[in-house]
Amino acid sequence: DFKGKDILLKSNSSALDTIINGVVYFLNRESRDAVLDGFTIKGEGILCDKSSPTIKNSIFRENVGVYQGEFGGIISCESDIAEISASPLIKNNLFINNTLPGWWPLPGGAIACFGNASPEIVNNLMVRNHAAHPDSPLVGAITSYYYCPIKDPPMPCGIPNPKIINNTIAFNEHTNGLLYLYPTGAEGSFLEASPAMMVGVRNNIITDNNGYGLSGYFDGSTIGYNDVWNNSLGNYDIPSGDQTGINGNISFKPYFMSIAPDDFHLNYNSPGIDAGAPPDDYSLEPLPNGSRINQGNYGNSPQATKTYACG
């Protein structure tokens, strides 16, 4: 439990060698200066309530999730008060072989955001996770569930604005890639804005998941430069329909180096090379880099695949 302290907790060794069993808590409005860096988290996961820590360079393996009421995720973050957001930075982590919460009527996922939670989810690899309840449609590798409980006296909830950028989401069982929901019954009031406009999805590779690629109330205008391919129920289950060929989105086999040993670097013939959003920073990619960011979790990193010209 960080107990409201904005401190750096960093492994002195590799994430493989430094293991935390159980739950890590951020419950007291910690900011992004509260940093968890370089651990393996096993058992349950991270609970983030009205807090905005930085969670990076870590491995989430063999977790069953943590719950806020009946909502749950391997990283579970929530806030329902406009003035207090839960906006963690979740960057450069591996989520593998986790059991993901989620059962009707309440959703869950590897990263599960509830209320006005607005995390920045960047450069994560999310592979081979599986739903705890295979028949549930409410599980995503990344799930955002916007709701605004009725309060007495009335209080605004704020509008969620998650950013989902340069992640690779692949080979997850009975799991959608990205899921964005909001309830339509008496659970809350939704007069503040149209929640479908608020989730930004860019430069991701979402492939071979045993579910939809993107499902729920995403707005097509916020989805750009992703490769969404070969998801078993379909690539897009959203109101604006299939986004392939629109706003830089493609649907091609991404060609990873080797999925058998979980090497999800892009192969040299991958369509994801130099296929990210043109304005985005690519300066950390090794030369030659085509002066454009790659798609997937290694985009704008020293591990990005180089640009190779044929002929």
Side-chain angles (χ1 to χ4, degrees), residues 73-75 90 95 100 102 104 107-114 117-131 136-147 160-184 194-254 264 271-272 275-277 280 295-297 299:
I74 307 306
I75 296 179
I90 303 171
F95 295 79
L100 308 185
W104 187 267
I111 300 174
C113 318
F114 306 109
S118 301
E120 188 173 354
I121 303 170
V122 184
N123 293 116
N124 298 282
L125 176 59
M126 313 178 82
V127 296
R128 306 195 195 286
N129 303 288
H130 58 277
S136 175
L138 300 183
V139 179
I142 301 172
T143 295
S144 181
Y145 181 59
Y146 174 73
Y147 70 95
N161 185 27
K163 296 178 175 63
I164 303 170
I165 303 169
N166 276 105
N167 302 280
T168 297
I169 301 168
F171 299 97
N172 296 291
E173 287 294 320
H174 305 290
T175 302
N176 300 291
L178 305 181
L179 182 64
Y180 183 44
L181 303 170
Y182 61 95
T184 57
S194 169
M197 295 297 293
M198 300 303 163
V199 181
V201 180
R202 190 169 77 246
N203 302 347
N204 302 283
I205 296 174
I206 304 170
T207 182
D208 290 285
N209 297 289
N210 186 213
Y212 289 104
L214 284 83
S215 181
Y217 295 93
F218 291 95
D219 187 289
S221 67
T222 67
I223 300 169
Y225 299 94
N226 304 283
D227 186 4
V228 186
W229 184 78
N230 200 40
N231 298 282
S232 66
L233 296 182
N235 292 326
Y236 293 93
D237 177 36
I238 63 176
S240 47
D242 191 344
Q243 298 299 297
T244 304
I246 302 171
N247 198 24
N249 294 298
I250 61 176
S251 184
F252 297 116
K253 183 175 181 178
F264 287 89
D280 285 4
Q295 293 176 334
N297 64 298

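Side-chain atoms of Ser221 never come within 3.5 Å of backbone atoms of Asp219 as a donor-acceptor pair (strictly under, hydrogens ignored). Counting only distance, with no hydrogens or angles, the side chain of Asp242 and the backbone of Thr244 share a donor-acceptor pair below 3.5 Å. Between the side chain of Asn226 and the backbone N or O of Asn249, no donor-acceptor pair lies under 3.5 Å. Looking at Thr207, its side chain does come within 3.5 Å of a backbone N or O of Trp229 through a donor-acceptor pair. Looking only at distances, a side-chain donor or acceptor of Asn124 sits under 3.5 Å from a matching main-chain atom of Ile90. At least one donor-acceptor pair closer than 3.5 Å links the side chain of Thr143 to the backbone N or O of Gly140.
Nearest heavy atom pair, residue Pro119 against residue Cys113, reads CG-SG, 3.3 Å. Contact record, Arg128 with Phe264: NH2-CZ, 4.3 Å, taken as the closest heavy-atom pair. Taking each heavy atom of Asn172 and Met126 in turn, the nearest pair found is ND2-O, 3.2 Å. When all heavy atoms are compared, the tightest approach of Asn230 to Asn235 is N-OD1, 3.3 Å. What you find for Phe218 and Pro239 is that their closest heavy atoms are O-CD, 3.7 Å. Taking all atoms of both residues into account, the shortest heavy-atom contact from Pro162 to Ser144 is CG-OG, 3.9 Å.
Judged by distance alone, the side chains of Asn123 and Asn166 never bring a donor and an acceptor atom under 3.5 Å apart. For the residue pair Asn167 / Asn297, no side-chain donor-acceptor distance below 3.5 Å is found, with atom types taken as modelled.
Here the straight-line distance linking atom CG of Asp208 with atom CG of Asn231 works out to 7.0 Å at 0.5 Å rounding.
Applying the side chain to side chain donor-acceptor pair (under 3.5 Å) rule to Asn210 yields the partners His174, Ser232; only residues at least two apart in sequence or on another chain are considered. Every salt bridge (Lys or Arg N to Asp or Glu O under 4.0 Å) that Asp280 has, sequence neighbours left out, goes to Arg202.
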task = Evaluate the criterion side-chain contact (heavy atoms from CB on, under 4.5 Å) for residue pair Ser215 and Asn176; output intermediate values, then yes/no.
result = CA-CA 7 Å; Ser215 181; Asn176 300 291; 4.2 Å; yes
